[in-house]
Each structure stands twice: as C-alpha cells, then as structure tokens.
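In what follows, a single structure is set out as structure tokens and then discussed.
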Amino acid sequence: MTSSKVLSGLDTAATVYESFNDRIKVLSTKGVVPGLCVVLVGEDPASQIYVRTKSKKLKSLGLVSETIRLDADVTEQKLLSIIEDLNANSKFHGILVQMPLPKHINSQNVINSINPTKDVDGFHPENVGWLSIGKPRFIPCTPKGIMRIFSHYNIDLTGKDIVVIGRSNIVGRPMSILVSSNNANGTCTVCHSRTKNINDYSRNADIIISAIGVPNFLTSEMIKEDSIIIDVGINRIDSDNEKGYKIVGDADYDSVFDKVSKITPVPGGVGPMTIAMLVENTIEAAENIQL
Ligand code: GUN
C-alpha cells in the first residue's frame, strides 16, 4: 500500500503527461511535432541510462527524439560545430547536452553555444538570468519537477523554512531561486560542502531538499519531527541482489521515514519528474516557435 507520506513522482508525472495530450494535438494541427536532440559524450553508465529513458519517453508520446553519441575524446571544437548545426536544424526545438562532460571540454563554452530558445535544460546564462529575475523561460528540469510535486500535493511553501543541500547549477542553485521566488514565498538556506554544521540548519527546516549524491546522508537525527524531505540523490550502492547494486537516495529512508510528514522515494520520486519536465520544456520550445 502506498503510504500517504509518500510523494510519488510517478503519480505526479502521470497527471502531468495527461496535460500534454491537448498541447501535442494543437501543435500537430499546425504540422509541428516537438523534437529533442540529446548529445551524449562518452560512456558514463548512469548518463547512458538517463539518455535512454528520456528518449523512450519522448518517442512513446509520438515526439521526435534523436541521440548523438560521441566518443569521450571528442574535441570541444567538434562538439561546438555539432551544436551549431543543431541550432540551425528546425526539426529540433530542444537541444540537451548530457552533463557531466569529459574534463578536457569546457562545459560552460558548450552551454553558451546552445541557442537559448532551444535550451530546454535552462542552463544557458540568458535563461539563468531570466529565472533569477522572476521571469523564467526554461526552468531547469529537476527543480521544476520538484515545484510540480509541491503543487500536485498542495504543499504551500509560503513562510516555510527550506534548506537546500547542494549548490549545483543543475539543481541546488535554481531550486533555491524557485522556492524563494515571489510565487513560492519560502525562506531558503543553501547548504554545501563548506557549510560548518549542516545539522544546525537541517534540524530547523520545515522542508529539506537534498541534492548532493551521498547515499544515506540524511538521518533521523538531522531532521525535525514532521518535516518534508525531497530526495534528489540517485546513488548506486552495492547490494546482494541479482544486479549486484541498488539505487538509493541521499536520505536514509528507513531511518527518517517515521519522523517525516512527507518524503519522495528513490526511485519513483524526483527522477520521473525530471523527465516529465524535459518533455514539457520541449513542448514549450515548440509552442514558442511563431508559425
Ligand atoms: N546531468 C544530470 N542531470 C542533468 C540534466 O538535467 N540535464 C543535463 N543536460 N545533464 C544532466
């Protein structure tokens, strides 16, 4: 039985996908099929899985999805020239370069080269700027998905003390902007690897959003009774099951479960919402094209 404590990303995503049907139909009457091109550099196993999952989902909705796979030693110049072609290719409304990139490539140069109107990740400085002044164009998919979980479960952030753990450009930083925005009205503290004592903050938080990628980091001693935990971690740890590993979040789920009022599971929490929001941003990018 699904506990009422569990904030299901799968259930939320199912509702979100239903809302796409009409939008996809309207576009198709104009002869537009939303299209995404994903660029994957190298062989990182986690990235391979993410990219495959994204592509499968888009195709299942009848959208265009293509993946360009490049060797880990591809030059930055070659990657930039591929993006230049994708910018000019009207079949693709969205371009996503899977992160992280190999060390010899300057990720910021790559992000900067994506046409900001096709930047469905919301990573381009122009889109980061729009978000930070409260007029978002593309909102990064994971933070956007988390906001959608809050609204799906009628969780009002107004006046809530929210601790975001992690300050990445992909999750923590945009998350902190969204929860403290004029729409959400939360009070946000960002903790990170140099925070002196995370417990001092986490123990006073109404809501903790953890995005650090450390398995079982958040334990019951670190949280307040009846707090809400949003677990962004997707961590692979050894297991004696047939696969030899299992996926766990940043929270020690069994340790915190009795104490929290709500929690996102891993898997089945934030992950499916990231993909749903990528689909949404791709549809949005297609809608933004003036025909
Ligand atoms: N790597 C981990 N999450 C993401 C994401 O949302 N977008 C991209 N491009 N790379 C990622």
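Residues Ile83 and Asn87 are in side-chain contact: their nearest non-hydrogen atoms beyond the backbone lie under 4.5 Å apart. In this structure, Ile229 and Ser210 have side chains that are not in contact, with every pair of non-hydrogen atoms separated by 4.5 Å or more. Residues Ile111 and Val97 have side chains not in contact (no heavy-atom distance under 4.5 Å, counting atoms from C-beta outward). Looking at heavy atoms from C-beta onward, Met277 lies in side-chain contact with Val16 at the 4.5 angstrom threshold. Residues Leu58 and Val64 are not in side-chain contact: their nearest non-hydrogen atoms beyond the backbone lie 4.5 Å or more apart. Two residues are said to be in side-chain contact when any heavy atoms from C-beta on lie closer than 4.5 Å; Asn204 and Asp200 fail this criterion. Taking the side chain as every heavy atom from C-beta outward, Met147 and Val179 approach each other to under 4.5 Å. When side chains are defined from C-beta on, Arg236 does not count as touching Lys243, because their heavy atoms never get closer than 4.5 Å.
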Q: List the steps and the verdict of side chain to side chain contact (heavy atoms under 4.5 Å, CB included) for Phe217 and Ile165.
A: CA-CA 11 Å; Phe217 171 79; Ile165 310 179; 4.3 Å; yes

Q: Output, in order, the C-alpha distance, side-chain angles, deciding distance and verdict of side chain to side chain contact (heavy atoms under 4.5 Å, CB included) for Ser227 and Arg203.
A: CA-CA 9 Å; Ser227 54; Arg203 280 198 196 122; over 6 Å; no

Q: Could you please spell out the steps behind the side chain to side chain contact (heavy atoms under 4.5 Å, CB included) verdict for Phe20 and Thr282?
A: CA-CA 11 Å; Phe20 295 162; Thr282 304; over 6 Å; no

Q: I would like to know whether Asn183 and Ser181 meet side-chain hydrogen bond (donor to acceptor under 3.5 Å, both in side chains); could you show each step before the answer?
A: CA-CA 5 Å; Asn183 293 323; Ser181 71; 4.5 Å; no

Q.
Does Lys144 form a side chain to side chain contact (heavy atoms under 4.5 Å, CB included) with Asn281? I'd like the steps, not just the answer.
A. CA-CA 10 Å; Lys144 187 181 187 185; Asn281 284 355; 2.6 Å; yes

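Atom CD1 of Ile223 is separated from atom CD of Glu225 by 8.0 Å, given to the nearest 0.5 angstrom. Atom SG of Cys37 is separated from atom CG of Leu86 by 4.5 Å, given to the nearest 0.5 angstrom. Distance check, rounded to the nearest 0.5 Å: NE2 of His152 to OG of Ser8 gives 7.5 Å. Put simply, CG on Asp22 and CD1 on Ile24 are 9.5 Å apart, with the number rounded to the nearest 0.5 Å. With rounding to the nearest 0.5 angstrom, the CG atom of Leu218 is 7.0 Å from the CD1 atom of Ile212. Between the CG atom of Leu10 and the OG1 atom of Thr15 there is a distance of 11.0 Å, given to the nearest 0.5 Å.
Around NZ of Lys259, the count of heavy atoms belonging to other residues, nucleotides or ligands within 6.0 Å exceeds 12. Counting heavy atoms of neighbouring residues, nucleotides and ligands inside a 6.0 Å radius, atom CD of Gln77 does not exceed 12 of them. Crowding of Asn241 atom CG: a count of heavy atoms from other residues, nucleotides or ligands under 6.0 Å exceeding 12. Residue Arg137 places its CZ atom among more than 12 non-hydrogen atoms of other residues, nucleotides or ligands, all under 6.0 Å distant. Remark: Glu84 CD is loosely packed, at most 12 non-hydrogen atoms of other residues, nucleotides or ligands lying under 6.0 Å away. The environment of CG in Asp252 is crowded: more than 12 heavy-atom neighbours from other residues, nucleotides or ligands sit within 6.0 Å. Atom OH of Tyr201 has 12 or fewer heavy atoms from other residues, nucleotides or ligands within 6.0 Å. Enclosure of atom CG in Asn21 by more than 12 non-hydrogen atoms of other residues, nucleotides or ligands within 6.0 angstrom is indicated.
For Lys57 and Tyr17, the positive end sits near the middle of the six-membered ring, less than 6.0 Å away and at most 45° from its axis. Remark: Lys118 fails to qualify as a cation-pi partner of Phe92 under the 6.0 Å distance and 45° angle criteria applied to the six-membered ring.
Across all their heavy atoms, Ile170 and Pro174 have their closest contact at O-CG, 3.7 Å. Counting all heavy atoms, side chain and backbone alike, Leu178 lies closest to Ala184 at O-CB, 3.4 Å. Between Ser261 and Asp226, the closest heavy-atom pair is OG-O, 3.0 Å. For the pair Ile149 and Gly9, the tightest heavy-atom approach, listed with the atom from each and the gap, is CD1-CA, 4.4 Å. The minimum heavy-atom distance linking Asp250 with Gly213 is given by the pair OD1-N, 3.1 Å. Heavy atoms only, all atoms of each residue included: Thr75 and Lys78 are closest at OG1-N, 3.0 Å.
Looking only at distances, no side-chain donor or acceptor of Thr274 sits under 3.5 Å from a matching main-chain atom of Cys141. Between the side chain of Ser55 and the backbone N or O of Arg52, no donor-acceptor pair lies under 3.5 Å. With Asn112 contributing its side chain and Pro125 its backbone, the two residues share no donor-acceptor pair below 3.5 Å. Checked by atom type and distance alone, the side chain of Lys5 pairs as donor or acceptor with a backbone atom of Phe257 at under 3.5 Å. No donor-acceptor pair closer than 3.5 Å links the side chain of Asn199 to the backbone N or O of Met222. With Thr53 contributing its side chain and Ile49 its backbone, the two residues share a donor-acceptor pair below 3.5 Å. Judged by distance alone, with hydrogens and angles left aside, the side-chain atoms of His104 form a donor-acceptor pair with the main-chain N or O of Val74 at under 3.5 Å. Between the side chain of Thr264 and the backbone N or O of Asp231, at least one donor-acceptor pair lies under 3.5 Å. When atom types are taken as modelled, the side chain of Ser65 and the backbone of Lys59 share no donor-acceptor pair closer than 3.5 angstrom.
Ile146 and Val190 fall into different hydrophobic clusters, where Ile, Leu, Val, Met, Phe, Trp and Tyr residues are linked whenever their side-chain heavy atoms come under 4.5 Å apart, directly or through other members. Tracing side-chain contacts under 4.5 Å through hydrophobic residues (I, L, V, M, F, W, Y), one reaches Met273 starting from Ile207; they form part of the same cluster. Note: the hydrophobic cluster containing Tyr50 does not contain Leu40 (ILVMFWY, side chain heavy atoms under 4.5 Å, direct or indirect links). Ile208 and Ile234 are assigned to two separate hydrophobic clusters, defined by single-linkage of ILVMFWY side chains at heavy-atom distances under 4.5 Å. Taking hydrophobic clusters as Ile, Leu, Val, Met, Phe, Trp and Tyr residues chained together by side-chain heavy-atom distances below 4.5 Å, Ile247 does not share a cluster with Tyr253.
When Leu36, Leu63, Val32 are each tested for a side chain to side chain contact (heavy atoms under 4.5 Å, CB included) with His93, only one passes: Val32. When Gln48, Lys54, Arg69 are each tested for a side chain to side chain donor-acceptor pair (under 3.5 Å) with Gln98, only one passes: Lys54.
Donor-acceptor pairing under 3.5 Å is lacking for the side chains of Asn288 and Glu284.
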